[in-house]
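Take a look at the structure set out below.
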Protein chains: 2
Amino acid sequence: MKRKSFKTMSCPIARGLDRVGEWWSILILRDAFAGLKRFDEFEESLGIAPNMLTRRLKALTASGLLEKRRYSLHPPRYEYVLTARGRDFRPVLTTLMAWGNKHFAPEGKSVRLIHVPTGREADPILVDRVSGLPIAAPEFRMAAGPAANERTRRRYEGAEDAR
Amino acid sequence: MKRKSFKTMSCPIARGLDRVGEWWSILILRDAFAGLKRFDEFEESLGIAPNMLTRRLKALTASGLLEKRRYSLHPPRYEYVLTARGRDFRPVLTTLMAWGNKHFAPEGKSVRLIHVPTGREADPILVDRVSGLPIAAPEFRMAAGPAANERTRRRYEGAEDAR
DNA sequence: CAGTATCCTGTCCGATACTG
DNA sequence: CAGTATCGGACAGGATACTG
C-alpha cells in the first residue's frame, strides 16, 4: 500500500486498519464468523477471484486473524478458522453491520443480529464494562494514552471533542 | 475500486465498507471525532497529500458522512463537520480502537477511551439495548433478514456460527 | 477440491508545483 | 488558507488458464 509504516503509527485504529484495511479482508472475516471455512466456500460466497482470495487469506493468516489447519490427510485438505485475535474482531463487524443497516438499507435489512434463544432481533449498543454506562459523547471521549507519540498527543489535546 | 457494484451488494457490512473502505477515510473520521474541522488540520494530523485529502473529503461528503460548511465569508473559509450519519459511525471506531489496543499495542496504549466526569478509562462492550445482555456468540448471531438476496441467505443458513 | 501462474487494468496514494 | 493540477509508482483486484 505504500502508506506510513507500521512503526510510525502510534494509533490503534491505524494499526488495526493495517491488518484489515483491504476491502476483501473484512468480508472474509464476516464469512468466517458465518461459519465458512473452506477455500471454495469463501470463493463462492464472495464471488472473489481465486488469486485474490489466496492473497487475502495469506495476509490474514500472517496477521494472526486466521489459522490454516489441515483437516484431512489424504487428500490433503485445509480450512481457515478464526483465532482468538480474529474472534475479537467480531464487535467491529457487529457495529459496522448496525451502521450499514441504519443508513444504507433503503429496502430493509438484509442481515440482522438475532438473539438465538428467543429468536428476537437485537439492537447492539456500547456500554462501559465496569460502570454499565452507555458510551456516548461527550461523557466518553478518546484521549492520548501513555504510549502516544507527539502527533497523536496533539490530535487529542487541543480541540474539544466533536459531539 | 472496480468491485461488485453497490446494487448487487445486499450485505450491510459491504455497503458500509463501500463508504469508508479506503484507508484514509476512517482515519479522517477519527480526526473529525477528535474535533478537527479544517483542511489544514486534517492535512497536518494525517500527513496526507493534499490531493488525496481533497478526494477523500469529497467522497465522504458525497456519502453524507461529512458536511462542508462555510464558516467565513471573506475570506471564504470552509470546515468539514460530521453529519448524523457520520456521528453514528463512532461505535465502529470505538470497537476498532479497542481491538487495536488489545492486539497491536506492544508498548502500551496510545489512545484510550475516557469517562470524562471521573477521568477513568472505559472498557467498551456490546450489549443488547432492550435485554441488556452482552452480545456474544453463540447466544447472538447474524442471520439473513427480509431484504437478503440469494447469496446472503445461503451464507447464513447452512453453516453453524463460528464461536 | 484447493489452490498457483500470468497478464492486465484501475486507482489509491505520494510528491511536487502552483493558485485565488 | 484551502485547495487544484500533473506525474508516476505500487498494488489491489479481475479474468483466465492450468495443476496435484
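Keep in mind that what you see is a predicted model, and the values were worked out from it rather than measured. In what follows, chains carry the letters A, B, and so on, assigned in the order in which the sequence lines appear, proteins first and then strands, with residues in each chain numbered from 1.
- Out of C:dA2, D:dG13, C:dT4, the shortest distance to the side chain of A:Tyr71 is found at C:dA2.
- With B:Leu126 as reference, A:Thr95 is the one residue of A:Leu113, A:Thr95, A:Ile125 to meet the side-chain contact (heavy atoms from CB on, under 4.5 Å) rule.
- As a whole-Å value, the separation of A:Tyr80 OH from C:dA2 C1' is 8 Å.
- Across all non-hydrogen atoms, the minimal contact from A:Arg19 to B:Trp99 is CB-CH2, 4.4 Å.
- Note: B:Phe89 CZ to A:His103 NE2 = 11.0 Å, rounded to the nearest 0.5 Å.
- Atom CD1 of A:Ile48 and atom C1' of D:dA15 are 13 Å apart (whole Å).
- Base pairing analysis places D:dG20 opposite C:dC1; the two distances defining the Watson-Crick or G-U wobble pair are each below 3.5 Å.
- Separating the CE atom of A:Met52 from the P atom of D:dA17 is a distance of 20 Å, rounded to the nearest angstrom.
- In this model, the phosphate group of D:dG3 is not approached by any side-chain N or O of B:Thr54 to a distance below 4.0 Å at OP1 or OP2.
- The CZ-C1' distance, from A:Phe39 to D:dG20, rounds to 15 Å in whole Å.
- Two residues, A:Arg56 and B:Pro76, neighbour DNA chain D, and the one matched to the more 5' nucleotide by heavy-atom proximity is B:Pro76.
- In this structure, B:Trp23 does not reach the D:dA10 phosphate: none of its side-chain N or O atoms is under 4.0 Å from OP1 or OP2.
- The listed nucleotides are C:dC1, D:dG14, D:dA2; the one nearest the side chain of B:Tyr78 is D:dA2.
- Below 30°, between 30° and 60°, or above 60°: for B:His115 and A:Phe140 the angle between ring planes is between 30° and 60°, a tilted geometry.
- Between the side chains of B:Ser110 and A:Thr152, no donor-acceptor pair of N or O atoms lies under 3.5 Å.
- Nucleic acid contact for A:Phe42: none, since no nucleic acid atom lies under 4.0 Å from a heavy atom of the residue.
- Comparing atom distances between the B:Lys58 side chain and each of D:dT6, D:dT4, D:dG13 picks out D:dT4 as nearest.
- Side chain of B:Pro50, nearest nucleotide from C:dA17, D:dA15, C:dG3: C:dA17.
- At D:dA2, none of the side-chain N or O atoms of B:Lys37 fall inside 4.0 Å of OP1 or OP2 (strictly under the cut-off).
- Atom CD in B:Glu43 sits about 10 Å away from atom P in D:dA2, given to the nearest Å.
- Between the CG atom of B:Leu17 and the P atom of C:dC12 there is a distance of 14 Å, given to the nearest Å.
- Atom C1' of nucleotide C:dG3 and atom CG of A:Leu57 are separated by 10 Å, given to the nearest angstrom.
- Taking only side-chain nitrogens and oxygens, A:Arg55 never comes nearer than 4.0 Å to OP1 or OP2 of D:dG13.
- Across the protein-nucleic acid pair, A:Arg70 atom CZ and C:dG3 atom P stand 11 Å apart, rounded to whole Å.
- Judged by atom type and distance alone, B:Asp40 does not reach the base of D:dG3 through any side-chain donor-acceptor pair under 3.5 Å.
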